[in-house]
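Quick one: structure below, then a few questions.
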Amino acid sequence: ESVVSYTLETAPEKVVSVAKSDEIINKLLSLNYSASSINTYIDCPLKFYLQSVEKIKEEEEVMEQVEANVFGTMFHEVMQRIYEPYCGEIISKDILKQWIKDEKRIVGMIHDVFRKEMKIKNIEGKNKIIEALLLRYVKRTLEHDMAKAPFPFTSVEERCFVESKIGESGRKVKFFGIIDRRDGIDGNDRVVDYKTGSYALAYHDVNEMFDLPSEKRPYTALQMMLYLFLLKQKGLVKDIDRVELSVCSLKDLFAVGKGASVGVSAKDYELFEERLFRLIDGEILNKELPFVAKGEGKTCEYCPYSVVCNK
């Protein structure tokens with residue numbers, strides 16, 4: 001059992017902060033920075049510290065949130081099982097048509113995933129509703145894809161690790177992300193993220209991803225741009241101007257004309273990389289800047305660590 005010790009300092013205006021010791025800096029240098037952890041830091045540095053550095057987990061989760069997370073995990077896994085055999089191949093309309101017709105095969109996959117994620121043998125009661133919803137969403141996703149076929153399919157649930165020198169210090173920092181899907185639509189390299197909940201992809205300027213208040217900030221755009229950064233660092237993207245960042249939202253699957261995609265320019269990407277390095281090297285790894293509680297609105301209302309800063 002490990003014991004975590006740190007000093008909480010309260011300024012006159014009652015802003016809680018944690019100073020960065022050499023030990024904390026070393027922990028920060030050992031982290032794998034993900035889109036989730038970076039978004040958390042931007043919204044509230046103190047929450048980032050407690051969650052990502054000291055690994056203090058919330059003791060209880062709201063049941064609805066647990067169920068939503070499990071549902072999303074199961075959807076991801078079923079889609080992975082369907083598409084994984086086609087990585088590096090062309091997805092034709094006939095392939096997708098066969099899958100849509102073969103409902104029994106999809107249901108079998110759903111049952112396998114249920115046994116894995118829910119630890120149950122028989123699907124009964126409320127879980128039958130979840131099973132039906134999963135089947136409906138999977139088939140609808142395939143129908144959407146069939147409308148775009150044929151298209152090259154690149155990867156599914158791609159785990160990306162990179163280590164990069166950042167900023168003027170030249171320090172090496174590790175980044176990590178799991179990219180739900182990559183394919184090619186209309187001659188573009190498409191990076192796709194499945195969403196079971198809300199998202200915020202649209203942006204006018206890259207700076208919005210780092211500077212806007214939490215409730216207005218395009219946090220999904222930052223997530224997708226970080227995925228692009230990972231792919232670029234690994235040499236898997238040839239032309240930034242031919243990249244499309246796309247969200248496949250389960251909430252939007254049955255809405256006519258709904259969909260979320262943004263193109264990326266080389267200029268936008270360069271600015272994103274500059275801001276990303278400045279954030280980590282100039283703020284997160286800056287020993288002179290403490291971790292401060294700066295959350296607001298819903299960021300604090302639903303935060304499991306609000307008891308620490310009395311927000």
Side-chain angles (χ1 to χ4, degrees), residues 32 34-37 57 61-89 91 95-146 148-149 151-161 176-183 185 190-199 220 223-224 226-227 230-231 236 245-254 259-260:
N32 287 316
S34 66
S36 175
S37 64
K57 305 297 182 184
E61 290 184 84
V62 178
M63 184 54 65
E64 288 82 357
Q65 183 64 38
V66 173
E67 291 178 352
N69 289 343
V70 173
F71 185 90
T73 298
M74 291 194 291
F75 175 81
H76 277 74
E77 187 158 342
V78 173
M79 295 308 301
Q80 179 180 2
R81 292 186 184 202
I82 290 173
Y83 272 120
E84 203 160 38
Y86 304 104
C87 290
E89 298 184 11
I91 302 291
I95 288 173
L96 294 167
K97 195 177 295 182
Q98 289 170 14
W99 270 107
I100 292 167
K101 286 182 178 179
D102 199 351
E103 198 170 286
K104 185 177 179 181
R105 190 176 178 188
I106 298 174
V107 170
M109 288 181 172
I110 292 173
H111 287 182
D112 287 343
V113 171
F114 252 102
R115 282 190 284 271
K116 177 183 175 183
E117 299 296 333
M118 303 288 282
K119 313 299 182 188
I120 57 176
K121 293 182 179 179
N122 299 315
I123 300 177
E124 300 172 338
K126 182 175 63 175
N127 289 329
K128 292 294 290 183
I129 299 174
I130 296 174
E131 175 196 27
L133 283 173
L134 277 170
L135 176 62
R136 187 174 182 228
Y137 285 132
V138 168
K139 289 183 67 176
R140 187 60 173 167
T141 301
L142 295 173
E143 288 167 357
H144 271 243
D145 288 345
M146 191 165 70
K148 301 181 181 76
F151 56 85
F153 195 88
T154 307
S155 66
V156 61
E157 298 298 324
E158 184 175 2
R159 303 175 72 86
C160 289
F161 290 90
F176 168 70
I178 301 176
I179 301 172
D180 290 347
R181 166 176 170 174
R182 287 199 292 135
D183 58 31
I185 303 292
R190 200 168 67 124
V191 181
V192 181
D193 193 67
Y194 296 120
K195 292 293 184 190
T196 54
S198 60
Y199 61 91
T220 309
Q223 173 193 351
M224 302 294 284
L226 185 73
Y227 290 168
L230 293 171
L231 294 170
L236 297 175
L245 307 179
S246 183
V247 167
C248 177
S249 168
L250 301 196
K251 291 182 176 181
D252 295 343
L253 280 176
F254 295 90

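Atoms considered below: every heavy atom in the structure, side chains included; atoms not considered: hydrogens, waters and symmetry mates. Not measured: the values here are computed from a predicted model.
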His76 NE2 to Asp193 CG distance, which is reported to the nearest 0.5 Å: 6.0 Å
State, with a plain yes or no, whether a side-chain heavy atom of Asn127 is found less than 4.5 Å away from one of Glu131. no
Let me confirm one number: the CD-CD1 distance from Glu117 to Ile110, rounded to the nearest 0.5 Å. 13.0 Å
Sorted by chain and residue number, the side chain to side chain donor-acceptor pair (under 3.5 Å) partners of Glu89 (sequence neighbours excluded) come out as none
When you look at CZ of Arg136, are more than 12 heavy atoms from neighbouring residues, nucleotides or ligands closer to it than 6.0 Å? no
Can you list the steps and then say if Arg181 with Arg190 is a side-chain contact (heavy atoms from CB on, under 4.5 Å)? CA-CA 8 Å; Arg181 166 176 170 174; Arg190 200 168 67 124; 3.6 Å; yes
Interatomic distance, CD@Gln223 vs CG@Leu245, rounded to 0.5 Å, equals 10.0 Å
Nearest-0.5 Å distance that lies between atom CG in Asp180 and atom CD in Glu157: 5.0 Å
Could you check whether any side-chain heavy atom of Phe153 comes within less than 4.5 Å of a side-chain heavy atom of Cys87, counting everything from C-beta outward? yes
Leu134 side chain reached by Phe114 side chain, heavy atoms, under 4.5 Å: yes
Testing the basics here: between Gly197 and Ser249, what is the closest heavy-atom pair and its distance to 0.1 Å? O-OG, 4.5 Å
When you compare the side chain of Met109 with that of Val138, does any pair of heavy atoms fall below 4.5 Å? no
If I take atom NZ from residue Lys126 and atom CD1 from residue Ile129, how far apart are they, to the nearest 0.5 angstrom? 8.5 Å
Can a salt bridge be assigned to the pair Glu143 and Lys139 using a cut-off of 4.0 Å between side-chain N and carboxylate O? no
Would a 4.5 Å heavy-atom cut-off, applied to side chains only, mark Tyr137 and Val78 as touching? no
pair Asp183-Ile91: side-chain heavy atoms closer than 4.5 Å: no
Are side-chain heavy atoms of Asp145 and Tyr83 found at a separation under 4.5 Å? yes
Would you compute the distance between atom CE of Met79 and atom CZ of Arg81 and round it to the nearest 0.5 angstrom? 13.0 Å
side-chain contact (heavy atoms from CB on, under 4.5 Å) between Leu142 and Ile106, intermediate numbers included: CA-CA 11 Å; Leu142 295 173; Ile106 298 174; 4.2 Å; yes
What residues form a salt bridge (Lys or Arg N to Asp or Glu O under 4.0 Å) with Asp102, not counting sequence neighbours? none
Shortest non-hydrogen pair, Gly177 vs Tyr227, comes out as CA-CE2, 4.2 Å
Counting distance only, does the side-chain N/O of Arg140 pair as donor-acceptor with the main-chain N or O of Leu253 below 3.5 Å? yes
Less than 4.5 Å apart, side chain to side chain, heavy atoms only: is that true for Ile179 and Cys160? yes
